[in-house]
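Report on the structure given below.
Along the sequence shown, residues carry numbers from 1.
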Amino acid sequence: MANGNFVPYCVFASVKMVSAFSISAACLLRKDLFTDEERQVGNQTWILGLAGITEGAIPFAMADPIRAIGSFIVGSVVTGGIVAYYAIGLNVPGAGIFSMFLLKGGIGGLMNPLIWLGAALLGALISTILLILLRKQKLNKKMARD
């Protein structure tokens, strides 16, 4: 940021929402794949994601790192790639939707926040689908062994 390159921080700020959004969506869409405790945490992580706080996803990542983190990475790569492609920057420390209207560069105007948030939602959708598929596969293997 000190050198005037605001794109990397903007990528970081958008990617931080992906894991929280995907956990909430997966818990909402496929309740049967998660315990009651996981659903209680998952149903609230989207709020943290709006503020760019990823900590709500940590229990899921700790419990099943390969599947959870793997799904987060794929969605985050898509999100970061879109934001970087459009060269959208953020020149102030911030995160989540609170920094949406401080974006610089890119196309400009209202398009920057739309692209930025849209990229995060698309990444979260991809992560959600992967998380559900991988979680379902894990539970099917566990049932087959039992």
Side-chain angles (χ1 to χ4, degrees), residues 1-140:
M1 289 172 77
N3 294 327
N5 186 359
F6 306 126
V7 174
Y9 189 81
C10 190
V11 168
F12 168 67
S14 65
V15 165
K16 291 195 316 181
M17 296 184 285
V18 170
S19 61
F21 289 170
S22 64
I23 289 294
S24 288
C27 286
L28 179 69
L29 295 172
R30 290 300 306 267
K31 294 176 180 157
D32 59 313
L33 299 178
F34 299 94
T35 66
D36 288 336
E37 184 179 312
E38 288 172 329
R39 283 194 308 272
Q40 287 176 4
V41 172
N43 290 339
Q44 300 169 21
T45 61
W46 70 272
I47 297 169
L48 296 172
L50 287 175
I53 300 170
T54 62
E55 280 76 359
I58 290 174
F60 296 87
M62 295 292 290
D64 194 4
I66 302 287
R67 291 170 184 85
I69 295 172
S71 68
F72 300 157
I73 288 171
V74 174
S76 295
V77 165
V78 171
T79 297
I82 292 169
V83 173
Y85 175 81
Y86 285 100
I88 301 171
L90 182 60
N91 65 348
V92 294
I97 61 168
F98 306 112
S99 57
M100 264 180 35
F101 296 103
L102 302 173
L103 301 172
K104 306 287 182 201
I107 294 175
L110 191 57
M111 287 307 293
N112 281 350
L114 291 175
I115 292 168
W116 185 78
L117 184 60
L121 294 174
L122 177 61
L125 175 65
I126 292 167
S127 290
T128 300
I129 292 168
L130 284 173
L131 184 60
I132 288 171
L133 291 173
L134 294 172
R135 183 78 177 217
K136 188 175 175 182
Q137 180 187 37
K138 175 187 174 184
L139 293 177
N140 287 342

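- The nearest pair of heavy atoms linking Phe34 to Phe60 is CD2-CE2, 4.0 Å.
- Applying the side chain to side chain contact (heavy atoms under 4.5 Å, CB included) test between Lys136 and each of Leu134, Leu133, Asn140 identifies Asn140 as the sole match.
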From CA spacing to verdict: side-chain contact (heavy atoms from CB on, under 4.5 Å), Leu90, Val92: CA-CA 6 Å; Leu90 182 60; Val92 294; 4.0 Å; yes
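- Heavy atoms only, all atoms of each residue included: Val41 and Pro59 are closest at CG1-CG, 4.5 Å.
- Side-chain contact between Phe21 and Leu50 is present, with heavy atoms from C-beta onward closer than 4.5 Å.
- Within the 4.5 Å cutoff, no side-chain heavy atoms of Ile88 are placed close to those of Ile82.
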Going through the distances and angles, do Ile115 and Val83 end up as a side-chain contact (heavy atoms from CB on, under 4.5 Å)? CA-CA 7 Å; Ile115 292 168; Val83 173; 5.7 Å; no
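- Here the shortest heavy-atom pairing between Ala68 and Ala61 reads CB-CA, 3.9 Å.
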Would you sort out whether Ile23 and Leu131 count as a side-chain contact (heavy atoms from CB on, under 4.5 Å), showing the intermediate values? CA-CA 8 Å; Ile23 289 294; Leu131 184 60; 3.7 Å; yes
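- In this structure, the salt bridge (Lys or Arg N to Asp or Glu O under 4.0 Å) partners of Lys138, at least two apart in sequence or on a different chain, are Asp64.
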I would like to know whether Val18 and Phe72 meet side-chain contact (heavy atoms from CB on, under 4.5 Å); could you show each step before the answer? CA-CA 7 Å; Val18 170; Phe72 300 157; 5.5 Å; no
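- With Asn43 contributing its side chain and Cys27 its backbone, the two residues share no donor-acceptor pair below 3.5 Å.
- Here the side chains of Thr54 and Ile58 are not in contact, with every heavy-atom distance at 4.5 Å or above.
- Between atom OG of residue Ser14 and atom CE of residue Met100 there is a gap of 12.0 Å, rounded to the nearest 0.5 Å.
- In this view, Ser24 and Thr45 satisfy the side-chain hydrogen bond (donor to acceptor under 3.5 Å, both in side chains) rule, not counting sequence neighbours.
- The closest donor-acceptor contact from the side chain of Asn91 to the backbone of Gly4 lies at 3.5 Å or more, if one exists at all.
- Interatomic distance, CZ of Arg135 versus CG of Leu33, reported as 7.0 Å (0.5 Å rounding).
- Here the straight-line distance linking atom CZ of Arg30 with atom OG1 of Thr128 works out to 13.0 Å at 0.5 Å rounding.
- With values rounded to the nearest 0.5 angstrom, Trp116 atom CH2 is found 6.5 Å from Cys10 atom SG.
- Atoms OG and CG, on Ser127 and Leu122 in that order, are 9.5 Å from each other to the nearest 0.5 Å.
- The CG atom of Leu102 sits 11.5 Å away from atom CG of Asn112, with the distance rounded to the nearest 0.5 Å.
- In this structure, the side chain of Thr35 engages the main chain of Glu38 through a donor-acceptor pair within 3.5 Å.
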